[in-house]
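What follows is a set of notes on a single structure, which appears directly below.
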Amino acid sequence: MNDRFGTLGLVMAGALVLTACSPDGLAIVEQPAPEVAMEKVPADPSHYAARSDGSRMISAINVADYHPELLKNEVAYETIEAPGTVVIDTSGPFLYLVQGEGRALRYGIAIGREGFGWKGTGTIARNAKWPTWTPPPEMIERDPPLEKWKNGMPGGESNPLGARALYIYFGDRDSGYRIHGTNQPRSIGYAASSGCFRMINQDVIDLYERVDRGAKVIVI
């Protein structure tokens, strides 16, 4: 395990963390993304091209800016979990979507920075396209200009939640944690958030189309 994530591992599954997707969560760790030796199907650069998404545009991602392991790949992945399960490995940091027959789709992600990491199990109870982001009161208190978004920032490329959000619930309660896109794609591969899991917008759109509501989420 790369030691930049060695301080993660606090089990926070019982807490509701309303600041989990805050945009002030960047604490970039100046270390290269880890290499993982796995049989894999290489990423398709065209997946990261600019594209329209309804009335909005998704900006292109220059794949040369990212370690190849952080781009979407199909990889060998042995697990007892059922196909459709989302497994988030904070030591990668990677998100795996189990495909069955010893395979998974793997995406690079950004995870919670020190003090905001967690491990546990939940479910995807709802999802949204171009979700609204609403800063909690304590964030507005720290950063008064956010007052203008107290009733919600409309979806768009400048929104911290990016193009899609998948909402993680603990039982019947919204955990406050999301798997979501980002307006800071260069944070992928780092401990940079307040507990949510960021993805490149093209990747979170792909995941959104594949994951059913009710899907199990395991954070390890």
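Predicted model only: the values in this text are computed from it and were never measured.
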Minimum heavy-atom distance Ser175-Phe170, with the two atoms named: CB-CE1, 3.4 Å

Nearest heavy-atom approach of Asn151 to Thr134 is C-OG1, 4.3 Å

Taking the side chain as every heavy atom from C-beta outward, state whether Tyr77 and Gln99 have any atom pair closer than 4.5 Å. no

Asn127 and Arg164, any side-chain heavy atoms less than 4.5 Å apart: no

Give a yes-or-no answer on whether the side chains of Tyr107 and Asn73 include a donor-acceptor pair shorter than 3.5 Å. no

N/O donor-acceptor pair under 3.5 Å between Glu157 side chain and Gly162 backbone: no

Side-chain contact, heavy-atom cut-off 4.5 Å: Tyr96 with Thr85? no

Residue Glu209 excluded, over 12 heavy atoms near CD under 6.0 Å: yes

Could you check whether any side-chain N or O of Arg56 sits under 3.5 Å from a backbone N or O of Ala163, counting only pairs where one atom can act as donor and the other as acceptor? no

Does any N or O in the side chain of Asn201 come within less than 3.5 Å of the main-chain N or O of Thr182, such that one atom is a donor and the other an acceptor? yes

Is the closest side-chain heavy-atom distance between Leu95 and Phe197 below 4.5 Å? no

Identify whether NZ of Lys or CZ of Arg in Arg178 sits under 6.0 Å from the centre of the six-membered ring of Tyr167 and within 45° of that ring's axis. no

Looking at every heavy atom in both Gln202 and Arg51, which two are closest together, and how far apart are they? CG-NH2, 3.5 Å

Should Thr90 and Ile220 count as side-chain neighbours, where that means a heavy-atom distance under 4.5 Å? no

Scanning both residues in full, the closest heavy-atom pair of Ala110 with Ser187 reads CB-O, 3.4 Å

Rounded to the nearest 0.5 Å, the CD1 atom of Ile168 sits from the OH atom of Tyr177 at a distance of 9.0 Å

State the CZ-CG distance between Arg198 and Asp203, to the nearest 0.5 angstrom. 15.0 Å

Distance col, row Ile200:CD1 vs Ser59:OG, nearest 0.5 angstrom, shows 12.5 Å

Under 3.5 Å donor-acceptor, Glu74 side chain and Leu105 backbone: no

For residues Trp130 and Asp53, determine if any side-chain heavy atom of one lies less than 4.5 Å from a side-chain heavy atom of the other. yes

Is it the case that the side chain of Asn159 and the backbone of Pro154 share a donor-acceptor pair, with hydrogens and angles ignored and the cut-off at 3.5 Å? yes

Answer yes or no: is there a donor N or O on one side and an acceptor on the other, between the side chain of Trp149 and the main chain of Pro135, under 3.5 Å? no

Going from CG on Leu146 to CE on Met153, what distance comes out if it is rounded to the nearest 0.5 angstrom? 7.0 Å

Could you grab the distance from atom CD1 of Ile188 to atom CD1 of Ile61, nearest 0.5 Å is fine? 8.5 Å

Ser158 backbone acceptor or donor facing Asn183 side chain under 3.5 Å: yes

Establish whether Tyr169 and Leu166 are linked, either directly or via other cluster members, by ILVMFWY side-chain heavy-atom contacts under 4.5 Å. no

Write down the atom of Val204, the atom of His180, and the distance for their closest heavy-atom approach. CG2-C, 3.8 Å

Rounded to the nearest 0.5 Å, how far apart are OG1 of Thr121 and CD1 of Ile88? 10.5 Å

Got a donor-acceptor contact below 3.5 angstrom from the Tyr190 side chain to the Ile109 backbone? no

Can you confirm whether Lys216 sits close enough to Val86 that some side-chain heavy atom of one is under 4.5 Å from a side-chain heavy atom of the other? no

Report the C-alpha separation of Leu207 and Met199 in whole Å, then their side-chain angles, then the decisive distance to 0.1 Å, and conclude whether the side chain to side chain contact (heavy atoms under 4.5 Å, CB included) test is met. CA-CA 10 Å; Leu207 185 72; Met199 302 179 72; 3.6 Å; yes

Short side-chain to backbone donor-acceptor contact, Thr79 and Glu81, under 3.5 Å: yes

Might you point out which heavy atoms bring Leu161 and Pro131 nearest each other, and give the distance in Å? CB-CG, 3.6 Å

Residue pair Thr123 / Val217, side-chain heavy-atom distance below 4.5 Å: no

